[in-house]
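Below is one structure, written out as structure tokens, with a few remarks after it.
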Number of protein chains: 2
Amino acid sequence: MARMKPRVHNFCAGPGTLPPEVLEALREDLADWRGLGRSVLEVSHRTEAYRALHDRAVANLRALLGLGPDYEILLLQGGASGQFAMLPCNFLRAGRSADYVVRGYWGEKAARQAARVGAVRTLREPGGWTPGAAYAHVTTNETIAGTRLPEAFPPPEAPLCADMSSDILAAPRDYRRYALLYAGAQKNLGVAGLAVVAAHHDFLSRARRDLPAVFSYLEHARAGGLYHTPNAFAVDALAHVTAWLLREGPQAVWERNARKAERLYAELDASAFWRPLAPKAERSLTNVTFRLPTAELEEAFLAQAEAEGLVALRGHRALGGIRASLYNALPEAAVEALVAFMRRFAREHA
Amino acid sequence: MARMKPRVHNFCAGPGTLPPEVLEALREDLADWRGLGRSVLEVSHRTEAYRALHDRAVANLRALLGLGPDYEILLLQGGASGQFAMLPCNFLRAGRSADYVVRGYWGEKAARQAARVGAVRTLREPGGWTPGAAYAHVTTNETIAGTRLPEAFPPPEAPLCADMSSDILAAPRDYRRYALLYAGAQKNLGVAGLAVVAAHHDFLSRARRDLPAVFSYLEHARAGGLYHTPNAFAVDALAHVTAWLLREGPQAVWERNARKAERLYAELDASAFWRPLAPKAERSLTNVTFRLPTAELEEAFLAQAEAEGLVALRGHRALGGIRASLYNALPEAAVEALVAFMRRFAREHA
């Protein structure tokens, strides 16, 4: 076993940083899982040990989301992009249409994929919903622009669905407003290769029943999440991350997240050197985007940050600039280090 | 870090056992990946480091399969069950039908899923193909019954497609006979959560272009395998397993696999106590199925084997009895230990 290098402060927008104790637990599960003399990767999903792991991950998630037994929680392979297709395949029948609120890259991507399946109406803001729509879809946080959807929007009559990949469990939220919500696990919940889906049974019961099984929410629900061989490693990571969130206390995590974002936005607002990109009322809690006075300064900023162990700060290629992602597992110390670096950098280059 | 328990001999039909050195490499990659100060789970798939990992896994696989640049190799999330749906979605257009050879559980499952998409004709044996079929599909090895499809069958005129989940790279094979082949990675190639697909460009070019992107082979190919956030851990496992296969030498692995199967079948044939289930001409190289004289003896066999560190030998619930899976990573010593145990058990209970 090689000696561990010092860990960097990882601001990656996804896959995101993980709690060190989760990584350590995963490493142990690759050596010997639960005293079974083999790793978690080598155990049949038809065993009691695996079933218990799956149930633990789902129970943790249910507790954190505050959802009762009227919701089905599914752990599906793939990520949010898979759900962009699965959602309309299951609910967007011929002769109906769905409302998609498009306020950024991911909302647009979701709408575009749904339009390959059926009729889609895009809205710039939530409201003015189409009567009789099959469902309405929102993206709660736009990772690239660094904007969040303010929660207090007029609810649609149709079942409300949401992509919450980049801010699920990052702040308090009433998840029961949603008929179906989904999130790729690799930002706030664990590792890539898994989408978490929570769906109210009333909505679920409207799903199409003639789809190939792997695309069918109902088939996955009927099989208790084991329609096909699950991504056991990602489920194990989800179980560890959700257990960590419960140990830390969701309230404490949310307060820490709020402090992290406030600290960084305050720094951005304190000097004209920094040019935060999101409108103030829509600033994301999890993805903070900003530019510097010139592209050259941005390159210098990124290179110097990297050299100081502040990594993955480059903005998405569609937008440029800087992006710092502050997911649940990013410690406050990382934000402190970033702010200290920013002060030095601004002093040297302003 | 907990002390490692002694490893069991793991005959699991899937997810299968992994080479200990691959597990050790994966554990290192969870501590610090390539000196980046973070794990392989926390690195963006848009980095050069990840691109190099993906390319290495694909290059290893291409070399092992003996496929040239006329084949696209895709690493897709999910497993074979996902491909049961994707294959017909991409190629089974209205007005066409596909031939499915059904010789067991998995072939039937593939055919049933395809029938949800379009017209399917099932054949009991390869041959008597339908003229003008969109494609023909075979399952090269039936994991549950423990039967393999003999290779020397009359080829269809239509493009030949195959599910090779349970015997890919287990023996020499001319993979260029196939227009498209796929395999869940968790038996012979790595861990659950990844399907390997190799498709000839001529066939690929006939795929539908109006599917939701995540279901579209062409979109995945166009995106160079990075249409959406990949299951980086499973790709890392694939890179390590394929590197291990190349180090061991495919020929040596195939010879070892042949010795493992011969050894176990010879033992089954040596005494009437054992009742091998597969017809001799179709015996699987990777899944050896047999029964004992009574169900009680089978339970005693399984319990005693488990106590001696020979695990996951229970046959599939559809068939009962015993199943020993002898995938690439199962060492010869495991088969030796199993045979020694079987001799003792037969002596005591015959």
Side-chain angles (χ1 to χ4, degrees), chain A residues 1-2 4-8 10 12-18 23-24 26-28 30-32 35-39 41-45 77-82 84-85 88-89 113 116-117 184 186 191-193 210-215 227-234 237 309 311-312 317, chain B residues 1-2 4-8 10 12-18 23-24 26-28 30-32 35-39 41-46 77-82 84-85 88-89 113 116-117 184 186 191-193 210-215 227-234 237 309 311-312:
Chain A
M1 178 66 224
M4 269 182 79
K5 295 264 167 46
R7 264 176 76 79
V8 292
N10 184 358
C12 191
T17 193
L18 289 163
L23 286 167
E24 189 55 32
L26 288 171
R27 292 183 61 237
E28 293 205 22
L30 294 196
D32 178 42
L36 293 172
R38 66 207 106 144
S39 76
L41 308 171
E42 300 162 297
V43 174
S44 166
H45 48 292
Q77 297 199 44
S81 293
F84 293 169
C89 282
Q113 294 303 312
R116 294 198 184 185
V117 178
Q186 71 272 12
V191 308
D210 57 348
L211 295 168
V214 76
F215 303 154
Y227 165 67
H228 58 153
T229 312
N231 181 348
F233 182 76
V311 311
R317 59 190 186 282
Chain B
M1 177 66 223
M4 268 184 80
K5 295 264 169 42
R7 262 175 78 80
V8 292
N10 185 357
C12 190
T17 194
L18 290 163
L23 286 167
E24 190 54 34
L26 288 171
R27 291 183 63 238
E28 293 205 24
L30 293 196
D32 178 44
L36 293 171
R38 68 207 104 144
S39 75
L41 308 170
E42 302 163 295
V43 174
S44 165
H45 48 293
R46 304 293 172 200
Q77 297 198 45
S81 293
F84 293 168
C89 282
Q113 294 304 312
R116 295 196 183 185
V117 178
Q186 71 271 14
V191 308
D210 57 349
L211 294 168
V214 76
F215 303 154
Y227 164 67
H228 59 152
T229 313
N231 181 349
F233 181 76
V311 311

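As a basis for the values below, the full set of heavy atoms in this structure was taken, side chains included, without hydrogen atoms, waters or symmetry mates.
Contact of B:N10 with chain A is made through the side chain alone, with heavy-atom distances under 4.5 Å. Using a 4.5 Å cut-off between heavy atoms, B:F84 does not touch chain A at all. Contacts between B:P230 and chain A at a heavy-atom distance below 4.5 Å involve the backbone alone (N, CA, C, O). Using a 4.5 Å cut-off between heavy atoms, B:V43 contacts chain A through its backbone alone, with no side-chain atom that close.
Shown here for B:L23 and A:S39, the closest heavy-atom pair between the two residues is CD2-OG, 3.6 Å. Across every non-hydrogen atom of B:T229 and A:A192, the tightest pair is CG2-CB, 4.0 Å. Nearest heavy atoms, A:G78 versus B:H228: CA-CE1, 4.5 Å. Taking both residues in full, the closest heavy atoms of A:P212 and B:V117 are given as CG-CG2, 3.6 Å, listed atom of the first, atom of the second, then distance. Shortest non-hydrogen contact noted between A:A85 and B:V214 is CB-CG1, 3.6 Å.
Side-chain contact between B:H45 and A:P15 is present, with at least one heavy-atom pair separated by less than 4.5 Å.
Of the listed residues (A:A213, A:A80, A:G82), the greatest number of heavy-atom pairs within a distance under 4.5 Å of chain B belongs to A:A213. Ranked by heavy-atom pairs shorter than 4.5 Å toward chain B, the options A:S44, A:A312, A:A232, A:G309 are led by A:S44.
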Kindly indicate, with the supporting measurements, whether the criterion side-chain contact (heavy atoms from CB on, under 4.5 Å) is fulfilled by B:V311 and A:L36. CA-CA 10 Å; B:V311 311; A:L36 293 172; over 6 Å; no
Apply the test side-chain contact (heavy atoms from CB on, under 4.5 Å) to residues B:E42 and A:R7: give CA-CA distance (whole Å), side-chain angles for both, the deciding distance (0.1 Å), then the verdict. CA-CA 11 Å; B:E42 302 163 295; A:R7 264 176 76 79; 2.7 Å; yes
Report the C-alpha separation of A:N231 and B:V191 in whole Å, then their side-chain angles, then the decisive distance to 0.1 Å, and conclude whether the side-chain contact (heavy atoms from CB on, under 4.5 Å) test is met. CA-CA 8 Å; A:N231 181 348; B:V191 308; 6.0 Å; no
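B:R27 places a side-chain N or O within 3.5 Å of a backbone atom of A:R27 that can act as its donor or acceptor partner. No side-chain donor-acceptor contact under 3.5 Å links A:Q77 to the backbone of B:G79. The main-chain N or O of A:L211 is found under 3.5 Å from a side-chain atom of B:R116 such that the two form a donor-acceptor pair.
For A:F233, the ring pair (Phe, Tyr, Trp, His ring centres under 6.0 Å) criterion is met by B:F233, not counting sequence neighbours. With sequence neighbours excluded, the residues satisfying ring pair (Phe, Tyr, Trp, His ring centres under 6.0 Å) with B:F215 are A:F215.
Atom-to-atom distance recorded for A:E24:CD and B:L30:CG is 9.5 Å, nearest 0.5 angstrom.
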